[in-house]
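Here is the structure we will look at.
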Amino acid sequence: MSQNVAIQTIGLSKHYGSTKALQNMDISIHSGELIALLGENGAGKSTLFQLLTGLITPTTGSIKIGGQDLSQNPIACKKQIGLLFGNDSGLYHRLTAYENILYFAKFYDVPDAVARKRIDEWAEQLLLTSHLHKKAGELSKGNLQKTAILRTLIHNPDYLFFDEPTTGLDIAASLAFQDLVKSLQQSGKTILFSTHILEEVTHLTDKIITLSQGKMIYNGTIPNLYQEFQTDNLRDILRNWIQGGVSS
Ligand SMILES: Nc1ncnc2c1ncn2[C@@H]1O[C@H](COP(=O)(O)OP(=O)(O)OP(=O)(O)O)[C@@H](O)[C@H]1O
């Protein structure tokens, strides 16, 4: 594996009974890359995130994170990973937003003073400061999502996986999140995020991986895709892929 390959999968598949959620996926993501993961509902995006973060085990294939095999070194790999799930914040509703994030910081052995400094800085950036001391159960959906974003970042992981990160965020918070993602990439993080919002993709990156029906159908840059399809309408290309199906 080349030195700067940060995330690598070889022959990765996940089957649920007869459902082939992911099929034979070979992916190499280089250190410092910011990649958008696209695909229709049920394409396999969340399954890929769950596999890459060790939440579920593959049916076949292997995963390397930072050069280490995830199945052989799960603890070392997981310490370097941050995962945000779009539909389940996983926060404790009786604790405040602040307490929730601090709890995770302790879990990852982040010194208290460091954690507090990070929370203050990122909460301000994401416009969450005035809600930090509310119980998670009493937060709006968007503020819950912002809290989950901070929790994902609190141990300063090198590899970040965001599954539909701007779900529930208002326009200002979405833009603030996009700025945060860009600054994280500039600081050297490797980031894979899924979204159904194409403006978000083109604003953040020109690199995409597209899944359809559990298969990877494109891995490359948007300019190359435009050249291949002789159009610069990403929406049309994706719609045609989804409507046309994928040959097996
Ligand atoms: N725990 C599970 N048990 C059975 N089938 C599952 C399970 N998790 C996912 N699947 C199936 O695997 C396929 C891929 O689902 P996945 O959630 O990865 O899609 P997705 O691309 O994230 O979709 P969306 O955009 O709707 O979030 C779907 O057919 C789904 O029904």
Side-chain angles (χ1 to χ4, degrees), residues 7-27 29 33-63 65 70-71 74 78 81-91 141-142 144-146 148-149 151-152 159-169 174 177-178 181 190-205 207-220 222 225 234-248:
I7 298 159
Q8 186 177 45
T9 73
I10 297 174
L12 189 66
S13 301
K14 181 69 184 179
H15 300 171
Y16 292 104
S18 61
T19 303
K20 293 177 175 171
L22 273 193
Q23 296 183 60
N24 199 25
M25 210 156 283
D26 295 335
I27 299 176
I29 298 177
E33 279 189 322
L34 170 57
I35 298 187
L37 183 64
L38 306 178
E40 77 275 3
N41 292 132
K45 303 177 298 296
S46 298
T47 303
L48 180 60
F49 282 122
Q50 290 177 65
L51 287 165
L52 292 175
T53 52
L55 287 178
I56 56 173
T57 51
T59 305
T60 65
S62 63
I63 299 166
I65 303 287
L70 178 60
S71 66
K78 284 179 188 177
I81 288 171
L83 170 68
L84 176 80
F85 262 123
N87 54 359
D88 175 21
S89 72
L91 297 167
K141 204 166 121 193
L144 205 56
Q145 181 72 349
K146 293 177 194 177
I149 292 169
R151 186 204 55 191
T152 303
Y159 311 104
L160 286 162
F161 301 104
F162 296 122
D163 195 3
E164 298 186 32
T166 53
T167 304
L169 298 190
S174 293
F177 175 75
Q178 290 173 16
V181 167
T190 307
I191 305 166
L192 182 66
F193 71 99
S194 72
T195 183
H196 293 291
I197 306 166
L198 297 186
E199 291 74 21
E200 201 163 272
V201 177
T202 48
H203 184 68
L204 281 173
T205 187
K207 288 189 178 146
I208 59 171
I209 291 177
T210 307
L211 308 184
S212 188
Q213 297 174 29
K215 293 179 180 169
M216 185 166 70
I217 55 170
Y218 186 76
N219 180 3
I222 294 175
L225 187 66
L234 186 57
R235 197 176 300 277
D236 275 356
I237 296 171
L238 292 172
R239 192 193 290 131
N240 284 339
W241 266 334
I242 291 167
Q243 287 175 347
V246 181
S247 56
S248 51

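Read the numbers this way: they start at 1 and go in the same order the structure lists the ligands and their atoms.
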| field | K207 versus T205, closest heavy-atom pair with distance | value |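 Taking every non-hydrogen atom into account, N-OG1, 3.1 Å.
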| field | Nearest non-hydrogen partners of F85 and Q145, listed with the distance | value |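 Residues F85 and Q145, closest heavy atoms: O-OE1, 4.2 Å.
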Heavy-atom nearest neighbour in the protein, as seen from [atom], with distance rounded to 0.1 Å:
atom	answer
atom 25 (O) of ligand 1	K45 NZ, 2.8 Å
atom 14 (C) of ligand 1	G42 O, 3.3 Å
atom 26 (O) of ligand 1	N41 ND2, 3.0 Å
atom 18 (O) of ligand 1	T47 OG1, 2.6 Å
atom 8 (N) of ligand 1	Y16 CE1, 3.5 Å
atom 17 (O) of ligand 1	S46 CB, 3.7 Å

Only heavy atoms of [X], strictly under 4.0 Å: list the atoms of ligand 1 that pass.
X	answer
A43	19 (O), 20 (P), 21 (O)
A21	12 (O), 13 (C)
H196	25 (O)
T19	29 (O)

| For atom 27 (O) of ligand 1, which candidate among K20, K14, H15, E164 provides the closest heavy atom? |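 The option holding the nearest heavy atom is E164.
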| field | Residue among I217, I27, L38, L48 satisfying side chain to side chain contact (heavy atoms under 4.5 Å, CB included) with I209 | value |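 Checked I217, I27, L38, L48 against I209; only one passes side chain to side chain contact (heavy atoms under 4.5 Å, CB included): I27.
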| query | Short check: is a protein heavy atom less than 4.0 Å from atom 30 (C) of ligand 1? | reply | no
| query | If we only count heavy atoms from C-beta on, is the L22 to L211 side-chain gap below 4.5 Å? | reply | yes
| query | Quick one: are F193 and L204 in side-chain contact, heavy atoms under 4.5 Å? | reply |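 With C-beta onward as the side chain, the pair touches.
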Reported [atom1]-to-[atom2] distance for the pair [X] and [Y], which is rounded to 0.5 angstrom:
X	Y	atom1	atom2	value
I237	Y218	CD1	OH	8.5 Å
I191	I7	CD1	CD1	10.0 Å
K20	T47	NZ	OG1	15.0 Å

| query | Heavy atom of G44 under 4.0 Å from ligand 1? | reply |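 The answer is yes, since G44 has a heavy atom less than 4.0 Å from ligand 1.
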| query | Does a donor on one side chain and an acceptor on the other come within less than 3.5 Å for S194 and D163? | reply | yes
